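See structure below.
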There are 2 protein chains.
Amino acid sequence: MGRWQPNARGRLAEAALELYGERGYEQTTVAEIAKRAGLTERTFFRHYADKREVLFSGAVDLEGLFARAVAEAPESAAPLDAVACGFGPVSEMFADRRDFARRRQAVIMAHDNLRERELIKLAALSGAIAEALRIRRVGEPAASLAAEAGVAVFKVGFERWIAESERRGMAEILRESLAELRSVAASG
Amino acid sequence: MGRWQPNARGRLAEAALELYGERGYEQTTVAEIAKRAGLTERTFFRHYADKREVLFSGAVDLEGLFARAVAEAPESAAPLDAVACGFGPVSEMFADRRDFARRRQAVIMAHDNLRERELIKLAALSGAIAEALRIRRVGEPAASLAAEAGVAVFKVGFERWIAESERRGMAEILRESLAELRSVAASG
DNA sequence: AGGGTCGATGACAGTAACTGACATCGATGT
DNA sequence: ACATCGATGTCAGTTACTGTCATCGACCCT
């Protein structure tokens with residue numbers, strides 16, 4: 001038995017999500033989050049760089065999963081098809097966490113400071129995908145554009161998946177959104 | 001003659017850009033910015049909501065100009081073509097400010113806090129464009145996807161325009177980038 | 001001319017995010 | 001038994017940001 005309760009990081013993240021949901025992001029102090037997790041404010045900042053980051057510890061996993069899938073796409077796949085290869089694994093990652101994702105998304109969308117952090121995480125995701133494409137010998141600006149387009153599809157699809165009442169799979173919605181993007185981008 | 005020097009807002013913005021460039025964003029205090037502008041810290045916060053916003057006062061103009069151009073595009077224009085109608089006016093807006101834009105962009109890219117603010121401004125731009133498309137009876141998710149794609153083209157093209165040594169016009173670069181996006185999105 | 005209102009600014013105190021330095025103390029290894 | 005280590009606590013300090021009240025030239029009204 002350790003000297004401290006286990007999983008301090010997770011307790012902090014859960015406490016933060018609860019409090020941001022109950023009182024709102026601005027009305028919650030870091031000291032309150034730490035107290036609910038049974039820790040001190042100083043310890044919060046040892047686990048998370050700032051008050052926003054506590055909601056985004058999953059971002060590196062998402063980025064790694066997505067980028068690896070793009071890197072391992074069939075050699076013959078066109079850039080945007082390679083990006084679409086990331087949709088499958090990512091959909092699985094979220095499959096059994098829809099309620100959590102919905103709760104978290106509602107909190108994030110409620111405050112611009114959190115939206116900003118979400119956007120820079122998506123930008124980092126886009127950068128990692130673009131890098132994976134460049135390794136596949138996709139040139140610029142095609143790599144960046146395919147990555148940005150793919151992330152746009154993911155963003156739009158993710159929000160639809162969260163908003164929908166029917167329990168359609170995320171993968172299906174992402175396929176639809178991708179088709180819609182292709183249709184929109186097709187020259188008239 | 002007024003009781004105070006004119007254009008306090010502009011003086012604050014110029015002082016901030018200078019100081020962020022000289023010492024970096026984090027090493028600059030709001031009190032220093034205000035002092036260089038001949039004002040006090042409290043007055044800074046009357047003109048700008050926070051330390052980041054001082055670099056983004058032009059964002060509303062950009063958004064208005066872009067969205068209006070999309071709204072006024074020929075009725076026959078397809079969604080992405082309507083978005084592309086915004087590229088012309090926006091290119092003109094930046095035409096004679098390349099050095100300023102480059103200086104500002106270098107400062108923004110140097111610190112994540114400023115990148116985050118830039119990203120949420122671009123997200124607002126995308127939202128405004130999507131709204132203009134919806135008024136043109138473009139459905140969802142086509143409107144959001146066309147807007148996101150258009151902003152991705154603008155983002156990529158803008159960075160190229162700033163990075164290039166040759167003095168090509170931004171409009172030309174944006175046309176190229178749009179063609180590249182279309183090529184990337186075309187089904188294999 | 002005199003008086004009243006207005007609007008941009010200054011002065012000052014207060015909250016909360018974040019940081020650095022040092023102390024604590026159970027676990028772990030030798 | 002003893003030294004070391006690592007996660008945490010404690011405390012003081014800086015700075016972003018806010019609320020409140022005072023100041024004082026410009027402007028208006030009579």
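Since this is a predicted model, take the numbers as computed values, not measurements. In what follows, every chain begins at residue 1, and chains take the letters A, B, ... in the order their sequences are listed.
More than 12 heavy atoms of other shown residues, nucleotides or ligands fall within 6.0 angstrom of atom CD in B/Q27. Sparse packing is recorded around CD of B/E75, with 12 or fewer heavy atoms of other residues, nucleotides or ligands lying under 6.0 Å away.
At whole-Å resolution of the value, CZ in B/R9 and C1' in C/dG7 are 16 Å apart. Separating the CZ atom of A/F45 from the C1' atom of D/dT15 is a distance of 13 Å, rounded to the nearest angstrom. Distance B/H111 NE2 to D/dA16 P: 11 Å, rounded to the nearest Å. Atom CG in A/D50 sits roughly 15 Å away from atom C1' in D/dT15 (whole-Å rounding). Following rounding to the nearest Å, B/E116 (CD) and D/dA16 (P) show an atom-to-atom distance of 17 Å. Taking atom CG of residue B/L12 and atom C1' of nucleotide D/dC17, one finds them 15 Å apart after rounding to whole Å. Between A/N113 atom CG and C/dA16 atom P there is a gap of 16 Å when expressed in whole angstrom units. Atom pair B/R52:CZ and C/dA17:C1' shows a separation of 11 Å (rounding to whole Å applied).
Between B/F94 and B/F154, the two ring planes are tilted [angle within 30° to 60°].
With respect to A/K121, the side-chain hydrogen bond (donor to acceptor under 3.5 Å, both in side chains) criterion is satisfied by exactly one of A/E116, A/E53, A/E63: A/E53. Among B/R23, B/R104, B/R11, B/R36, the one residue that satisfies the salt bridge (charged side-chain N to carboxylate O under 4.0 Å, His left out) test with B/E18 is B/R36.
A donor atom on one side chain and an acceptor atom on the other are found under 3.5 Å apart for B/S144 and B/E140.
A/L145 and B/I162 fall within a single hydrophobic cluster, where Ile, Leu, Val, Met, Phe, Trp and Tyr side chains are chained together by heavy-atom contacts under 4.5 Å.
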Inset, instruction - Quick one: do A/E131 and A/R134 satisfy salt bridge (Lys or Arg N to Asp or Glu O under 4.0 Å)? Show the steps, please. - result: CA-CA 5 Å; A/E131 178 60 21; A/R134 269 179 244 116; 2.4 Å; yes

Contacts under 3.5 Å, N or O only, protein and nucleotides 8-12 of chain D:
residue	atom	partner	partner atom	Å
D/dT8	OP2	A/H47	NE2	2.7
D/dG9	OP2	A/T40	N	3.0
D/dG9	OP2	A/T40	OG1	2.8
D/dG9	OP2	A/T43	OG1	2.6
D/dG9	N7	A/R46	NH1	3.3
D/dG9	O6	A/R46	NH2	2.5

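Distance check, rounded to the nearest 0.5 Å: NZ of B/K51 to CD of B/E41 gives 10.5 Å.
Contacts between residues 15-34 of chain A and DNA chain D, defined by a heavy-atom separation below 4.0 Å, involve no residue at all.
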